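Accompanying notes for the structure given below.
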Protein chains: 2
Amino acid sequence: MNKIDIKTLAKELNVSPATITRAFRGYSDINPETKERILALAKKLNYHPNYYASNLRETKSKTIAVIIPQLRDIFFSLAIDGLESLANQKGYHILIYRTENQYEKEVSFINYLQNGRVDGIIMSGCAEAQDHKYLHQLQKRNIPVVFFDRIYDDVKAPKVSTDDYESSYKATKLLAERGCKKIAHLGYKNARSIGKTRMEGYQDALKDFGLPVDEQLIINCLDDNEQNYACISLAIKSLKPDGIFAAGENLAFISYKICHELQIKIPDALKIISYSSSEVADLLNPSLTTITQPALEIGNKAAMLLFQILEGESQAVENQIILQSELIERESTRMR
Amino acid sequence: MNKIDIKTLAKELNVSPATITRAFRGYSDINPETKERILALAKKLNYHPNYYASNLRETKSKTIAVIIPQLRDIFFSLAIDGLESLANQKGYHILIYRTENQYEKEVSFINYLQNGRVDGIIMSGCAEAQDHKYLHQLQKRNIPVVFFDRIYDDVKAPKVSTDDYESSYKATKLLAERGCKKIAHLGYKNARSIGKTRMEGYQDALKDFGLPVDEQLIINCLDDNEQNYACISLAIKSLKPDGIFAAGENLAFISYKICHELQIKIPDALKIISYSSSEVADLLNPSLTTITQPALEIGNKAAMLLFQILEGESQAVENQIILQSELIERESTRMR
DNA sequence: TTGTAAGCGTTATCAC
DNA sequence: GTGATAACGCTTACAA
């Protein structure tokens, strides 16, 4: 019940606090028997070295922060799963921060983390278009940052991303090859870096296949399912696209629902392809053609890069890892 | 670049460290002008009070640990989203620990957390059948624990769960009412509390509808999709159930896939109902009848209970919140 | 192999 | 309103 600290434990055993430390940290300059005695009593009394006191001395926290827009997005869940498993192996702990795509939250998290609470940060940004000086402050403090997926081009840091331009190009190309003439793009509004790149791949493919780039067909979506439903529904009704390229699986799921309600046949009347990390793509009616990012691996590699820096291989700062996404064609883009 | 601490800042401004503290903690016994000077220079020099030093003094970390089996399970992602939003409001930070349903990991996380690193713990257990004395140790240290969803009945702590028995009963009843005579149950093997309760609701409903309880029809699943695929597939082929009640959406998704491959028509030849938190249930082919748990709210309530304790309303320890799940009937259980 | 003692950077208590 | 000072509980030189 009463808190027991290193000194009382030391007194109890007639050794010095330093020796207790030696036992707990696995140092070699200690008599094995002493060590055993110490650990035995510690276990019995349920003594554990105080985390905050240790860290204050060591100035290493073995903790990293992960900043992401949303957890409920399966892509991010998977990325964190991948990242956590490596972190856990390495003895690191993970703090989670959710920005909900709000720039102010991102800034405030980063500012907070200047207090030395974490050894490093892994993040997926939500504010490409904004000023990033709050991040430069961090770097001055020697707190390394690694980006994944939603990266900031103007910040010098290791980054893990996927071949967004190429995949988007391929996705749009596939729709064109399957006969679509009026291909809509459902993207996310906030000018995030990946939003831009996905858009470019889409537009370039349109041009290469002699299809006009119609601004109307580019639908800016938000994080609100209801609102997205309304605006995608409106777009489908009024513009009658025969192909949809969605930048996120939720947008595809919503499109499915709308088609079902409007009795628009997929893929006959409308073909759909979407970025997706979810295993259910295969189970939808019809099964959904996807571009699937290696989410687990992205998280894993991001953690790897961060640990490289933390372990002193500082050239890693220059690292840019670009992983391949996979285009998996299913029924939603089949020709009849 | 060079680290700046409270003393150097104090020297710079010709005040004492104590006054700096007063400025940063918003204490009233400080001249507003002095405060302004301090905060201004602090901002300029990018000074932030060291987190570990503060905590060592205060013995409050404003941090909670969340221990869950998996992050990629949408139910847990949602629960954490719900929990994080309240935590964030209250100024708390969240450490995530993933057990992957391994008892040893759960024990080791809990033991680790005895070091005073967090003010409290919110967890969903993975080892109902095992010994829980490691948790009692925690409680001696006055680190409160709140359970959600996968609760341990033998541990005295606040708990948030859903009406698992009733929902399972209702689910099984629905299948019986829709004419199923041979209802299989896909459940999770590790005898978790909710696993047991779901099972009981299933068995009691069978009895009440005059259907035999056949052990063979109770399929024990694991966390491995591949293996589950194999054993569910085998069960469907050999036992030919006409109804399936799945304890988790993954198991339902897998069943869909198997039916598709075996050309078994849902719901004509086989009706399916499943626990699910995913929004895609509605988009499957056919749409999936679900029992949907209020995941966000579960997380939110769990956090609420923990904060009540941390804020001194200790009677909260007795709290047991049971939330209602919703049965949403869709096409996968329709009669033809 | 072990002990002593000086910090780590804060904050609380008490003076002034 | 402000400053000196003693903790908080640990780790690490250095000495023995």
Side-chain angles (χ1 to χ4, degrees), chain A residues 2-39 41-42 45-63 112-119 141-143, chain B residues 2-39 41-42 45-63 112-119 141-143:
Chain A
N2 351 351
K3 284 165 199 165
I4 165 156
D5 64 7
I6 203 171
K7 279 186 194 165
T8 54
L9 187 65
K11 225 164 266 170
E12 207 77 37
L13 287 158
N14 271 314
V15 297
S16 73
T19 303
I20 308 270
T21 294
R22 286 188 260 261
F24 268 90
R25 312 215 112 209
Y27 294 148
S28 54
D29 58 343
I30 183 175
N31 184 321
E33 282 171 28
T34 321
K35 179 169 174 177
E36 218 166 298
R37 270 176 60 221
I38 293 175
L39 294 181
L41 188 64
L45 300 181
N46 199 27
Y47 164 79
H48 299 261
N50 180 286
Y51 176 75
Y52 293 99
S54 306
N55 276 123
L56 177 56
R57 273 302 313 235
E58 298 187 83
T59 63
K60 277 282 155 268
S61 63
K62 284 278 198 172
T63 301
Y112 170 77
L113 292 170
Q114 309 249 11
N115 65 7
R117 166 162 210 176
V118 297
D119 295 344
R141 275 199 122 64
N142 282 320
I143 298 174
Chain B
N2 351 351
K3 285 164 197 165
I4 165 157
D5 64 7
I6 203 171
K7 281 183 192 165
T8 54
L9 187 65
K11 224 165 264 170
E12 207 77 38
L13 287 158
N14 269 314
V15 297
S16 73
T19 304
I20 308 270
T21 293
R22 286 188 259 261
F24 267 91
R25 311 217 111 207
Y27 293 150
S28 55
D29 58 343
I30 183 175
N31 185 322
E33 280 170 32
T34 322
K35 179 170 175 175
E36 217 166 299
R37 272 176 58 222
I38 293 174
L39 294 180
L41 187 66
L45 299 181
N46 199 25
Y47 164 79
H48 299 260
N50 179 288
Y51 176 76
Y52 293 99
S54 304
N55 275 127
L56 177 56
R57 272 303 314 230
E58 299 188 82
T59 63
K60 278 280 154 270
S61 63
K62 283 277 196 174
T63 302
Y112 170 77
L113 291 170
Q114 310 248 9
N115 65 5
R117 169 164 206 174
V118 297
D119 295 343
R141 275 199 122 63
N142 280 321
I143 298 174

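To find a chain, count down the sequence lines: A is the first, B the second, and so on, and within it residues start at 1. Quick caveat: nothing in here was measured; it's all calculated off a predicted structure.
In this view, K11(A) satisfies the side chain to side chain contact (heavy atoms under 4.5 Å, CB included) rule with no residue, not counting sequence neighbours.
Using a 4.0 Å heavy-atom distance criterion, I6(B) is classed as a base contact. Across all strands, S54(A) comes closer than 4.0 Å only to sugar-phosphate atoms, never to a base (heavy-atom distances). Heavy atoms of N115(B) sit nowhere under 4.0 angstrom from any nucleic acid atom. Backbone-only engagement by Y27(A) is indicated by non-hydrogen atom pairs under 4.0 Å involving sugar-phosphate atoms exclusively.
For Y47(A) and dC10(D), the shortest distance from a side-chain N or O to OP1 or OP2 is below 4.0 Å. Close to dT2(C), at under 4.0 Å from its OP1 or OP2, lies a side-chain N or O of T34(A). Under 4.0 angstrom from either OP1 or OP2 of dT11(C) there lies at least one side-chain N or O belonging to R25(B). Put simply, T19(B) has a side-chain N or O that comes within less than 4.0 Å of OP1 or OP2 on dG3(D).
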**Request:** Please report the C-alpha distance between L113(B) and I143(B) in whole Å, then the side-chain angles of each, then the deciding distance to 0.1 Å, and finally whether the side-chain contact (heavy atoms from CB on, under 4.5 Å) criterion is met.
**Result:** CA-CA 9 Å; L113(B) 291 170; I143(B) 298 174; 5.8 Å; no
**Prompt:** Given Y52(B) and S54(A), is the side-chain contact (heavy atoms from CB on, under 4.5 Å) satisfied, shown in steps?
**Reply:** CA-CA 9 Å; Y52(B) 293 99; S54(A) 306; over 6 Å; no
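A pairwise comparison of heavy atoms in Y27(A) and I30(A) identifies O-CG2, 3.3 Å as the closest pair. When every heavy atom of D119(B) is checked against every heavy atom of K62(B), the shortest pair comes out as OD2-N, 2.8 Å.
Of the candidate nucleotides dT11(D), dT11(C), dC8(C), dC8(C) has the atom nearest to the side chain of L56(A).
Residue R57(B) places no side-chain atom within donor-acceptor reach of the base of dA12(C), judged by atom type and a 3.5 Å distance cut-off alone.
The distance from atom CG of L13(B) to atom C1' of dT2(D) is 14 Å, rounded to the nearest whole Å. A straight line from NZ of K35(A) to P of dT2(C) spans 12 Å, rounded to a whole angstrom. Rounded to whole angstrom, the span from the CG atom of N50(B) across to the C1' atom of dT11(C) amounts to 13 Å. In this entry the distance linking OH of Y52(A) with P of dT11(C) reads 14 Å, nearest Å. Here dC10(D) presents its C1' atom at 14 Å from CG of N55(B), a figure rounded to the nearest Å. Between the C1' atom of dC10(D) and the CD1 atom of I38(A) lies a distance of 14 Å, rounded to the nearest Å. Put simply, CZ on R117(B) is 18 Å from P on dG9(D), counting in whole angstrom units. Between the NZ atom of K60(A) and the P atom of dT12(D) there is a distance of 13 Å, given to the nearest Å.
Heavy-atom distances to DNA chain D give each of S16(B) and A18(A) a nearest nucleotide, and the one nearer the 5′ end belongs to S16(B).
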Is there any protein nitrogen or oxygen under 3.5 Å from a nitrogen or oxygen in nucleotides 14-16 of chain C, and what are the pairs?
none

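Summarising the geometry, atom CG belonging to L13(B) is positioned 4.5 Å from atom CG belonging to L41(B); distances are rounded to the nearest 0.5 Å.
The number of heavy atoms from other shown groups lying within 6.0 Å of CD (E36(B)) does not exceed 12.
Between R117(B) and T63(A), some side-chain heavy-atom pair lies under the 4.5 Å cut-off.
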